[in-house]
Every structure is written in C-alpha cells, then in structure tokens.
Protein chains: 2
Amino acid sequence: MTADQVLTVRGDAELIARAGHLFTGAKHEFVCAARDLNTWSLPSARQSISSKMLAASEVGFAVNKLLSPVALTDEAARLHLRQVMSKGARVRISSTQLPYETIIIDRRVMILAGRDAPVQREFTVTTSPTLVGGVYALFQAAWATATDLAAYFHGDVPHLDADSLTVLRALGAGHTDETAARQLGLSLRTYRRRVAELMAKLEADSRFQAGLRVGELRLNE
Amino acid sequence: MTADQVLTVRGDAELIARAGHLFTGAKHEFVCAARDLNTWSLPSARQSISSKMLAASEVGFAVNKLLSPVALTDEAARLHLRQVMSKGARVRISSTQLPYETIIIDRRVMILAGRDAPVQREFTVTTSPTLVGGVYALFQAAWATATDLAAYFHGDVPHLDADSLTVLRALGAGHTDETAARQLGLSLRTYRRRVAELMAKLEADSRFQAGLRVGELRLNE
DNA sequence: AACGCGATGGCAGCAAACTGCCATCGCCCG
DNA sequence: CGGGCGATGGCAGTTTGCTGCCATCGCGTT
C-alpha cells in the first residue's frame with residue numbers, strides 16, 4: 001500500500017496480515033469513535049495501546065474514545081468504562097448512534113470498520129492525509145461537544161426517568177405550576193412533588209439553577 | 001471506479017473529468033462540513049443542488065451544512081448564509097475549525113477536499129459504503145450538537161451586558177434573592193429589577209425557563 | 001379477603017418571588 | 001443653582017412556589 005492508498009480487507013485475519021504493521025508503535029495518539037467498547041478489538045493495536053497506557057508516566061500519549069449512549073446501558077459496560085478511564089483514556093458520549101467504528105492512530109493511519117457482518121466484516125485502512133485529516137476533523141467536531149464521561153461518573157449527569165423528563169419539558173415551557181399540572185393531568189401537589197424530585201436529582205437549589213443545569217447538560221434532548 | 005473504489009485526483013478539472021458524473025442527480029440529501037461557504041465550490045454539484053433547492057415544493061430533499069465559527073466572522077458572510085438558508089438549507093455551527101471540506105451526497109458518494117493547496121488541491125472521492133457510512137456517522141454526531149444558525153438569526157441569542165451577567169451568575173448559584181442582593185451590594189428591589197430585566201432579555205416566563213435558555217445558549221461562559 | 005406500601009390529591013401555612021408606588025439620590029445640562 | 005431624568009431603595013399587596021399533613025386509592029403479596 002503506497003502512501004496515498006486505501007486498502008479494503010474482509011475479516012480480522014486479512015486485516016492483520018495485510019495491514020497489521022501499521023497499527024503497532026503508536027507514538028502520540030489513539031482516537032476511536034464506536035458504538036461501545038465491545039464492537040471490535042484489534043489485538044495488536046490494543047496490545048500496543050495497553051502497554052502505552054500502562055506506562056502512565058509517558059507524557060503526551062492520548063487515548064480519546066467517543067462512544068454512543070448504548071455504551072452506558074448496563075452496569076458491566078459502565079464498569080468496563082471505568083477501568084478504561086482509570087488507565088488514562090478519556091471517554092465522551094455522543095448523542096448519536098455511531099454504528100461504524102473509526103480509529104485514527106497518530107493522525108496518520110485510519111481504520112474504518114463496516115457494520116457487524118454475519119460472515120466477514122469489511123475494514124478500510126488508509127494513510128491518505130486527505131482522508132485521515134478530513135475524518136479526524138469531523139471526529140474533533142463531534143468530540144468537542146460530546147458529554148465528558150468523567151462528569152457522569154462523578155455524579156454530575158443525573159439520570160432522568162420519564163416522569164422527570166415530562167416535568168422538565170413542562171417547566172421549560174415557562175408555565176405556572178397550576179397550568180402545567182393541569183396540562184399533564186396531575187394535581188398541583190403531585191406536579192410540585194415531581195418538580196421537587198427533579199430539583200433534588202439536579203442538585204439545584206432554585207429553579208433558575210435547575211434550568212441552567214438542564215440546558216448545560218442538554219438533558220432535555 | 002468500481003463500487004468500492006477510492007479515487008484521488010488533483011485539481012478541479014481532473015475532479016470533474018473523472019468523477020463529475022457522480023455528483024449530478026442528487027435525489028435525497030446533500031450534507032457538507034466545511035470551514036465556511038467560500039472554501040470550495042463544485043460547479044456541477046452546486047448547480048444540481050441549486051435547482052433542487054429552487055424547487056421548494058420538492059419533498060424530502062435535505063441540505064445540511066455544518067460550518068465552523070469562521071463562517072460568521074463578517075457581515076458579508078452572514079448575508080450569504082441567510083441567502084443559503086432562505087433557499088431551504090439548514091446550517092449549524094460547529095465549535096471546532098473544520099479545515100477539510102467533506103461532502104456526502106445521498107449517503108452514497110463522498111468527496112473529501114484536502115486543505116487549500118498553492119497549486120492543485122487534492123480530492124478524494126469514494127462510494128465505498130464503509131467509508132461513506134463511517135464518515136456520515138461522524139458527521140451526524142457533530143451535527144447533532146452543533147448550534148442551529150436559524151436561532152442565531154432569529155435573535156434568539158440575546159446580548160447580555162455586565163449587569164445582566166452579574167445577576168445571571170448570582171442566580172446560577174442558587175441563592176435566594178435576598179442573599180444574592182446582599183452579596184452584590186444591591187437592595188432587594190434593585191436586584192429583582194435586574195432579574196426581571198434579564199428575564200425579559202431571555203424572553204423567559206419563569207426562572208427555570210430562563211436558566212434553561214442560558215444553559216442551552218452557553219451565555220454564562 | 002386483608003394488609004402494607006407507595007403514589008396521589010386537597011388543604012393549610014409559610015417562604016419566596018413579582019411589581020407598583022413613591023421618596024430620594026446622583027448626575028447632567030442649561 | 002435649579003430642573004429634569006434615570007436609577008435606587010423601602011414598603012406593601014399579590015401571586016407563585018414549597019412542603020407538611022392526612023385521607024384515599026391502587027396495586028401487589030400473603
């Protein structure tokens with residue numbers, strides 16, 4: 001594969017055989033966008049990255065993972081995420097699905113994995129500066145506004161159930177409690193109870209502060 | 001170019017000659033990520049898109065443009081953006097730079113333009129489902145959280161002077177009005193007057209709604 | 001069927017927020 | 001200096017929000 005070539009392979013074995021040499025020796029950065037941590041593993045790259053991350057004193061080596069909300073759906077996944085983060089990786093959660101896995105190593109090599117296939121998964125590998133650079137820029141745009149997972153684990157991002165979301169939307173409309181309660185078919189007392197619960201979840205002492213947190217964390221989407 | 005091939009060309013003329021046929025006849029969607037509206041124009045694709053957009057009654061044809069903050073730096077640029085939007089395009093502003101232009105047509109054809117070059121600009125064109133799908137997913141992730149420009153132009157982003165910012169920060173701390181007023185060295189009446197003025201600027205009918213708008217629009221940064 | 005428990009709804013008392021009114025102050029201009 | 005005007009501050013009346021209390025209801029379990 002020449003400097004500007006693009007290589008398409010099918011299956012893990014072919015990927016390793018024809019392009020494995022590109023993935024070892026990551027020096028500066030490993031960025032990855034994926035649905036969750038389980039979609040795909042590339043053994044040699046993972047080994048290379050793991051040894052880098054174990055050398056915690058290594059300055060300047062960044063691991064940034066952009067995952068979809070599916071990555072947080074169960075407790076085992078969240079535990080795994082905590083482990084990855086404790087090794088120095090930074091994780092952010094996108095608001096969209098990310099059905100394709102994209103890996104960029106040292107802004108030089110890019111691997112794109114097709115959707116999970118029943119037989120052989122298709123991978124595209126490239127060192128084209130235009131392709132790598134363009135995709136990296138889009139990754140950066142998505143990364144910049146994705147939710148930082150450290151904040152989630154530090155309890156800064158509350159989980160809101162359907163009741164809370166309903167109340168939140170009513171509050172966001174700016175109505176009085178009486179009007180909002182009537183619109184939701186609740187008694188005023190129940191509506192206010194819901195509001196108080198939402199405020200507790202948001203750790204907010206005033207309605208302005210509550211609205212601020214919702215807006216900043218984009219909890220109303 | 002076969003179905004899974006990737007084509008790299010240099011210069012506009014070569015791009016048109018070898019791949020121009022791919023760009024005409026857009027049927028459903030045109031998405032573009034770029035620094036601003038002036039970085040690059042592809043004549044045949046632009047013509048095709050313009051005629052689609054002029055046929056305003058055409059149902060289901062979407063034009064989504066993700067631009068960097070540079071796109072808003074001067075009045076001429078903003079006027080141009082208004083024109084593009086009046087023709088039915090949706091525009092959002094990313095928080096990052098987007099130095100590469102990425103175009104995806106009907107989720108089938110992708111064009112990636114390299115950085116502006118002194119001589120011949122490099123373009124990469126592909127119909128590879130893995131490449132197009134992967135990049136499209138990243139575009140979606142970035143698009144989802146980018147700032148909608150229609151809101152900006154509809155005056156939804158108020159300008160806050162120093163007094164309003166001071167009050168806003170006090171409100172964000174969650175204190176009662178009495179405490180906040182005392183901390184700011186104002187009488188309660190004046191503080192409340194300031195709060196009412198801020199609410200009017202935010203067009204908010206409740207404190208929650210005001211906080212929400214501040215948080216969403218990142219006015220407290 | 002009876003019981004327990006959590007959720008709901010009505011009411012009351014209180015706190016917080018909203019705003020009009022009017023006096024006062026500070027600043028600027030003639 | 002006097003007058004005008006905008007901003008401030010105190011007060012009062014009103015509205016909205018907060019929460020405890022208690023009765024009732026609905027659901028699940030034994």
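Convention: sequence-line order gives letters A, B, ...; per-chain numbering from 1.
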For atom [atom1] of [X] and atom [atom2] of [N], their distance in whole Å:
X: A:Leu188; N: D:dG17; atom1: CG; atom2: P; result: 9 Å
X: B:Glu178; N: D:dG10; atom1: CD; atom2: P; result: 11 Å
X: B:Phe208; N: D:dC18; atom1: CZ; atom2: P; result: 11 Å
X: B:Leu186; N: C:dC25; atom1: CG; atom2: P; result: 19 Å
X: B:Asp177; N: D:dG17; atom1: CG; atom2: C1'; result: 13 Å
X: A:Glu197; N: D:dC18; atom1: CD; atom2: P; result: 13 Å
X: B:Arg207; N: C:dA16; atom1: CZ; atom2: P; result: 12 Å
X: B:Tyr191; N: C:dC18; atom1: OH; atom2: P; result: 9 Å

Checking contacts here: which listed nucleotide ([options]) is nearest the side-chain heavy atoms of [X]?
X: A:Thr190; options: C:dG9, D:dT19, C:dC18; value: C:dG9
X: A:Arg194; options: D:dG17, C:dC18, C:dA7; value: C:dA7
X: A:Arg193; options: D:dT8, C:dG9, D:dT19; value: C:dG9

Can you confirm whether the side chains of A:Asp161 and A:Ser164 place a donor and an acceptor under 3.5 Å from each other? yes
Side-chain donor-acceptor contact under 3.5 Å, B:Ser128 with B:Thr130: no
Heavy-atom donor-acceptor pair, A:Arg189 side-chain to D:dG20 base, under 3.5 Å: yes
Kindly indicate whether the side chain of A:Arg192 and the base of C:dG9 share any N or O donor-acceptor pair separated by less than 3.5 Å? no
Exam field: side chain B:Arg194 to backbone B:Val167, donor-acceptor pair closer than 3.5 Å: no
Within the structure provided, determine whether B:Leu81 and B:Leu67 are in side-chain contact (heavy-atom separation under 4.5 Å). yes
By nearest-nucleotide position on DNA chain D, the 5'-leaning member of A:Met199 and B:Ser187 is B:Ser187
Tell me, please, which residues at least two apart from A:Arg182 pass side chain to side chain contact (heavy atoms under 4.5 Å, CB included). A:Glu178, A:Thr179
